[in-house]
Amino acid sequence: MIPRLKGTDDILPPESARWRRLLRGFDDLAARYGYDLVLMPVLEATELFARGVGADTEVVQKQMYTFEDRGGRSVTLRPEFTAGIVRAYVEAGGTGVMKVAASGPQFRYEQPQKGRRRQFHQVDLEYLGEPGPRADIEVIEMSHRLLAEAGVPGITVHLNSIGDASDRATYRDLLRDFLHGVANELSPDSRRRMDDNPLRVLDSKVDKDVVAAAPVPLDHLGAETAAHFAAVRSGLDAAGIGYEIAPRLVRGLDYYNRTVFEVFSPAFEAAQSSLGGGGRYDPLGELIGSRLPVPGVGVAMGCDRIVAAMPDLESPRLDVFVAVAGAAREDVASSWVRRLRAEGLRVDWAGGDRSLKSQFKAADRSGAAAVAVIGDEWERGEVRVKSMATGEEVTMDIEEAVAWLHR
RNA sequence: GUGGCCGUAGCUCAGUUGGUUAGAGCGCCAGGUUGUGGCCCUGGAGGUCGGGGGUUCAAGUCCCCUCGGUCACCCCA
């Protein structure tokens, strides 16, 4: 037997029931907020991520599934959605507002652990072409709502602004000076980053204590970015979304500016406890070669982690399980099952070649609300219907039974 | 890439100082009930003991290598 690849998961029932709820909920949420569906390539040119995500980010340096295709091009299994969606927007003309929703697998070559897989799944929202804070607010609100509607308890939003490139030019020098002053207390990793990517030192776990006293971007915003952030905050207040300011939240990708955020729930306990994150990425379009700026905000949420934080819902899987007394009645049963399904009921059956007892066991396991038995009474135009919850059993006229099942 | 722990039935695990045909519970299938689930009883199917090599009269058990799982570091979904 050939086992699955390291860091990949088979998502089977009963766990997949929670996935179905999450994905349906996401689809519905996106539609309610005016986000259209997009289907994106899983494979992109390596260059897209190297330039968009950032050549010296962790993701690009260590985590990409990169290989040469048969034409000798370097291609990469997408490690995230945003760069590809912005590429698609630019490639399609890149004007105006586009609000889109995507979902599917992502790939990062890492050592797996709880909540961190080599193939993982995300649902993703991108609000493109809108520079104003309404986009930031909407995306954060939707992130919160998705989790709330999925039944995830204790949702908290961590929010920060890392400013624009112009804000950071002066701030970066301040931070560098600070880091150089404490250089001998920093970990080797942070020491290496403090010159070329000093912001990332801020959210280092190992250097948490040293960095606690460092200057933060939030205190060095320009007038416009500060106003933008204030507007995001008051918008969230108006939406009733609680959040915590996280001054050292910077996120690992190069394309972010202004608003960044992550969402958490105590129901998902792991070292990597973030269920999703995102932010504004106005520089991204130009990083990947757009001649026009592409303002945008997006969020990616980790389905695997969300599902782990979702409660099990005890509701019947099927409206009715059809049991057949006697293999001779298979054909009638089959066409009745077909009719009920066509009418929109959730129906299953196991054929008529097994004992009724065995069919009832199957019905029980299938989570059916009721069992309908097709037997002798069918000849008189009747079926016997049993409620699996109460054990109550009634013989009814066929049409009456159909109406009862639809109730 | 680094480290800790763990690999015996579909699942959870037991298996004595190395010693005969490797066990249990749950699950699955069937019967007890020739038309009725959950509870109960009976029976059945199901295992290259992760893989390879070594030590030994003898290895699930000891040694080495390797693969995998899991958790953590780094970083993120």
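Here is the naming used below: chain letters follow the sequence lines, and residue numbers restart at 1 for every chain.
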Can you tell me which nucleotide in B:A77, B:G37, B:U36 comes closest to the side chain of A:Met388?
B:G37
Using a heavy-atom cut-off of under 4.0 Å over every strand shown, decide if A:Ser358 touches base, sugar-phosphate, or nothing.
sugar-phosphate
Remember a base hit wins even if backbone is also touched, and classify A:Gly375 as base, sugar-phosphate or nothing at under 4.0 Å, heavy atoms.
base
Can a side chain N or O of A:Arg117 be found less than 4.0 Å away from OP1 or OP2 on B:U70?
yes
What's the gap between B:A14 and B:G50 when it is taken at their P atoms, as a whole Å value?
13 Å
Output the rounded distance in Å from NZ (A:Lys361) to P (B:C39).
9 Å
Strictly below 4.0 Å: does A:Arg116 bring a side-chain N or O up to OP1 or OP2 of B:A72?
no
Name the closest nucleotide to the A:Arg365 side chain, picking from B:C29, B:A72, B:A77.
B:C29
Heavy atoms only, 4.0 Å cut-off, all strands: where does A:Gly326 land among base, sugar-phosphate and nothing?
nothing
Do the side-chain N and O atoms of A:Glu126 and A:Tyr35 include a donor-acceptor pair separated by under 3.5 angstrom?
no
Do the two ring centres, one from A:His158 and one from A:Phe261, sit under 6.0 Å apart?
no
Can you tell me the distance, in whole Å, between the OH atom of A:Tyr256 and the C1' atom of B:C76?
10 Å
Are more than 12 heavy atoms from other residues, nucleotides or ligands located less than 6.0 Å from atom CD of A:Glu269?
no
Does NZ or CZ of A:Arg118 come closer than 6.0 Å to the centre of the six-membered ring of A:Tyr109, within 45° of the ring's axis?
yes
Taking the P atom of each, how far is B:U55 from B:U48, in whole Å?
26 Å
Mind checking A:Glu393 for me? I need base, sugar-phosphate or nothing, with any heavy atom below 4.0 Å counting as a touch.
base
To the nearest angstrom, the CD-C1' distance between A:Glu126 and B:A77 comes to 13 Å
Indicate, with a heavy-atom threshold strictly under 4.0 Å, whether A:Glu110 touches base, sugar-phosphate, or nothing.
base
Is the side chain of A:Arg248 donor-acceptor paired with the backbone N or O of A:Val216 at a distance under 3.5 Å, no angle test?
no
For B:G18 and B:C63, measure between their P atoms and round to the nearest Å.
11 Å
If only side-chain N and O atoms of A:Gln111 are considered, is one of them under 4.0 Å from the OP1 or OP2 phosphate oxygen of B:G1?
no
With heavy atoms under 4.0 Å as the rule, sort A:Gly7 into base, sugar-phosphate or nothing.
sugar-phosphate
Take atom P in B:C64 and the same atom in B:C28, then report the distance between them in whole Å.
42 Å
Please report the distance separating the P of B:G51 from the corresponding atom of B:G60, rounded so that it comes out in whole Å.
11 Å
Have a look at A:Glu377 and say if it touches a base, only the backbone sugar-phosphate, or nothing, with a 4.0 Å heavy-atom cut-off.
base
Give A:Arg251 one of three labels, base, sugar-phosphate or nothing, depending on what nucleic acid heavy atoms sit under 4.0 Å from its own.
sugar-phosphate
If you compare every side-chain N and O of A:Ser355 against the phosphate oxygens of B:A30 (OP1, OP2), does one of them come in below 4.0 Å?
no
Work out how far the C1' atom of B:A59 is from that of B:C71, and round it to whole angstrom.
30 Å
Pairs of donor and acceptor atoms involving the side chains of residues 12-19 of chain A, under 3.5 Å and at least two apart or interchain, shall be tabulated with distances.
from	atom 1	to	atom 2	distance (Å)
A:Arg18	NE	A:Val307	O	3.0
A:Arg18	NH1	A:Asp312	OD1	3.0

What is the separation between atom CZ on A:Arg384 and atom P on B:G35, rounded to the nearest whole Å?
13 Å
Categorize A:Arg108 for me: base, sugar-phosphate, or nothing, with a 4.0 angstrom heavy-atom threshold over every strand shown.
base
Would one find a side-chain N or O of A:Arg354 under 4.0 angstrom from OP1 or OP2 of B:C29?
yes
Is A:Leu275 touching bases, backbone alone, or none of the nucleic acid, heavy atoms closer than 4.0 Å?
sugar-phosphate
Any donor-acceptor pair under 3.5 Å between the side chain of A:Arg305 and the base of B:C76?
yes
In whole Å, what is the span from the CZ atom of A:Phe26 to the C1' atom of B:A77?
13 Å
Expressed as a whole number of Å, how far does the C1' atom of B:U12 sit from that of B:C39?
22 Å
Counting the atoms with a prime plus P, OP1 and OP2 as sugar-phosphate, which does A:Asp376 contact under 4.0 Å by heavy atoms, base, sugar-phosphate, or nothing?
base
B:C74 P sits how many Å from A:Leu202 CG, rounded?
15 Å
Checking side chain to side chain donor-acceptor pair (under 3.5 Å) between A:Asp164 and each of A:Arg280, A:Arg258, A:His228, which is the one that passes?
A:Arg258
A:Gln113 CD - B:U70 P separation (whole Å):
11 Å
How close or far is atom P of B:G68 from atom CG of A:Leu5, stated in whole angstroms?
9 Å
